[in-house]
Amino acid sequence: MERGLYAAASAMVAQQTIQDVIAQNVANATTVGYKQDVPTFRSLTALELERLNGNNAQGVPIGELGTGVMPDRIYTDWSVGPIEQTGNPLDASLGQGLFFAVSTPAGERYTRAGNFRLDGQGNLYTAAGFPVLDDRGQPINVGRGPNVAIDRMGNVTVNNRPVARLRIVRIDPNFLQKQGDSLFALTGGPAPVQVPNPQVLPGTLEQSNVNVVTGLVDLIVVQRNYEMAQKAILTHDELLKQTTNNVGSVS
C-alpha cells in the first residue's frame, strides 16, 4: 500500500515540474527568439512481480509494477517561431540552425533574437544590452551616420554602404545551454562555423515558438492530473488509517 503513496507523490512532483515549465514558456510567449522548454521524465525502479506456485520458491513471472517517475532533463524545442514583419531596418531573423553572436561578461554567447538597437555612440546592441559581434569577433560600431540598416547578406550598412558584417554562425543545438530567455552558451562539441552566405530576413523578427492556447490548455490538464494524484494520496492515507485502527481489533 505504501508503494501507492510513493507513486502518487511522484506523480504530484512530475505535474508540478510540468506546470513550472509550461508557466515559464507561456510567460515568454512574446519574447523575441524564445525557444520553449520540454520536460522529460524517467521511471523509478520497477518491481518484478511473480505468482506464487504452491511451495515452490520460484514463482511464475507476471510482469513489472511501476513505482512512479522522476524529472529527468529539460530539452529545448528548436523549431522556428513565426516570422513577423516589422519594417524596422535594425531587425533581422535567421534561417534554422543559425545564430547571432553577441558579447557578454561571460564570453561569446548566441541568440536568435534579432531586435537590435543603436546607442548614442553608434554601438549595436541586443535588446538585453549585449554588444553585437562582427565577423571578426569584435563589437560593431557604425559611428553616427544616418540610415543604418541590415541587409540580406548580414551586412550592417550606413547609407547603403556596408560598414560591418554580423557574426552569424551555425551551431549544433545539442551543445547549447539556455542562459536567460533567448541567450545560449556553447557547452562542448564542434566550434561554431561562420556562415559565408547566411539566410537573413531584414525587417523581420522571429517570435517565440510557444503556442499560448496549447500552453493554457496544458496547464488545465496538469492541474487536474495533480488533483487526481492528490486524491489518490488521501485515499491511501484513509486506507492506512483504517488498517491501523481495525486490524487485530476484537469486534
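All residue numbers in this chain count up from 1 along the given sequence.
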Give every donor-acceptor pair under 3.5 Å between a side-chain atom in residues 215-222 and any protein atom, sequence neighbours left out.
none

same_hphob_cluster(Val69, Ile18) at 4.5 Å side-chain heavy-atom cutoff:
yes

Spacing of CG belonging to Asn88 relative to CG belonging to Leu205, to within rounding of 0.5 Å:
7.5 Å

So how far is it from Asp91 CG to Thr204 OG1, rounded to the nearest 0.5 Å?
7.5 Å

Measure from the side-chain N and O atoms of Asp119 to the backbone N and O of Gln121, and report whether any donor-acceptor pair falls under 3.5 Å.
yes

Which is it for Phe116 and Val156 under the side-chain contact (heavy atoms from CB on, under 4.5 Å) test, yes or no, and what are the steps along the way?
CA-CA 11 Å; Phe116 304 131; Val156 182; over 6 Å; no

Identify the two heavy atoms, one from Asn141 and one from Gly143, that lie closest to each other, and give their separation to 0.1 Å.
OD1-N, 2.9 Å

Common cluster, Leu94/Val195, ILVMFWY with side-chain heavy-atom separation under 4.5 Å:
yes

Here's a test for you: under side-chain contact (heavy atoms from CB on, under 4.5 Å), which of Leu133, Ile140, Asp135 qualifies with Leu166?
Ile140

Which residues satisfy the salt bridge (charged side-chain N to carboxylate O under 4.0 Å, His left out) test with Arg42, sequence neighbours excluded?
none

Would you compute the distance between atom NE2 of His236 and atom NZ of Lys231 and round it to the nearest 0.5 angstrom?
14.5 Å

Without swapping roles, check the side chain of Asn209 against the backbone of Asp77 for a donor-acceptor pair under 3.5 Å.
yes

State, to 0.1 Å, how close Tyr226 and Gln16 come at their nearest heavy-atom pair, and which atoms those are.
CE1-OE1, 4.3 Å

Short question: side chain of Arg112, backbone of Leu183 - any donor-acceptor pair under 3.5 Å?
no

If you round to the nearest 0.5 Å, how far is CD1 of Ile233 from CE of Met228?
13.0 Å

Any sub-3.5 Å donor-acceptor pair from Arg165's side-chain atoms to Met153's backbone N or O?
yes

For the side chain of Arg144 and the backbone of Gly120, is there at least one donor-acceptor N/O pair under 3.5 Å apart?
yes

Do Gln24 and Asp20 have side-chain N/O donor and acceptor atoms under 3.5 Å apart?
no

Which heavy atom in Pro71 sits nearest to a heavy atom in Thr17, and how many Å separate them?
CG-OG1, 3.5 Å

Is Val21 reachable from Phe41 through a run of hydrophobic residues whose side-chain heavy atoms are each under 4.5 Å from the next?
no

Hydrophobic clustering (ILVMFWY, side-chain heavy atoms < 4.5 Å, transitive) - are Leu118 and Val32 grouped together?
no

Between Leu124 and Leu201, is there a shared hydrophobic cluster once you connect ILVMFWY residues whose side-chain heavy atoms come closer than 4.5 Å?
no

Where the side chain of Asn147 meets the backbone of Asn160, is there a donor-acceptor pair that is under 3.5 Å apart?
no

For a 4.5 angstrom cut-off between non-hydrogen side-chain atoms, does Val158 reach Val148?
yes

Should we count CZ of Arg152 as having more than 12 external heavy atoms under 6.0 Å?
no

Does NZ or CZ of Lys178 fall inside the cone over Tyr34's six-membered ring, less than 6.0 Å from its centre and within 45° of the axis?
yes

Exercise: identify the closest heavy-atom pair between Pro82 and Ser208:
CD-O, 3.3 Å

What side-chain donor-acceptor pairs closer than 3.5 Å can you find for residues 97-110, not counting sequence neighbours?
| from | atom 1 | to | atom 2 | distance (Å) |
| --- | --- | --- | --- | --- |
| Thr104 | OG1 | Ala106 | N | 3.2 |
| Thr104 | OG1 | Gly107 | N | 3.3 |
| Thr104 | OG1 | Gly107 | O | 2.7 |
| Glu108 | OE1 | Arg167 | NE | 3.3 |
| Glu108 | OE2 | Tyr110 | OH | 2.6 |
| Glu108 | OE2 | Arg167 | NE | 3.2 |
| Glu108 | OE2 | Arg167 | NH2 | 3.1 |
| Arg109 | NE | Gln179 | OE1 | 2.8 |
| Arg109 | NH2 | Ala106 | O | 3.4 |

Is it true that Asp151 and Thr157 share a donor-acceptor pair across their side chains at a distance under 3.5 Å?
no

Under 3.5 Å, is there a donor-acceptor pair between the side chain of Thr187 and the main chain of Phe175?
yes

Considering residues, nucleotides and ligands other than Asn159, do more than 12 of their heavy atoms fall under 6.0 Å from its CG?
yes

Look up atom CG in Leu239 and atom CG in Leu234, then write down how far apart they are to the nearest 0.5 Å.
11.0 Å

Exercise: identify the closest heavy-atom pair between Val132 and Tyr125
CG2-C, 3.8 Å

Heavy-atom donor-acceptor pair, Lys35 side chain to Ser79 backbone, under 3.5 Å:
yes

Mind checking the OG1-CZ spacing from Thr76 to Phe184? Nearest 0.5 Å is all I need.
5.5 Å

Given 3.5 Å as the limit, does a donor-acceptor pair link the side chain of Glu206 with the main chain of Gly81, or not?
yes

Applying side-chain contact (heavy atoms from CB on, under 4.5 Å), run through Phe130 and Thr111 and close with a yes or a no.
CA-CA 11 Å; Phe130 297 115; Thr111 183; over 6 Å; no

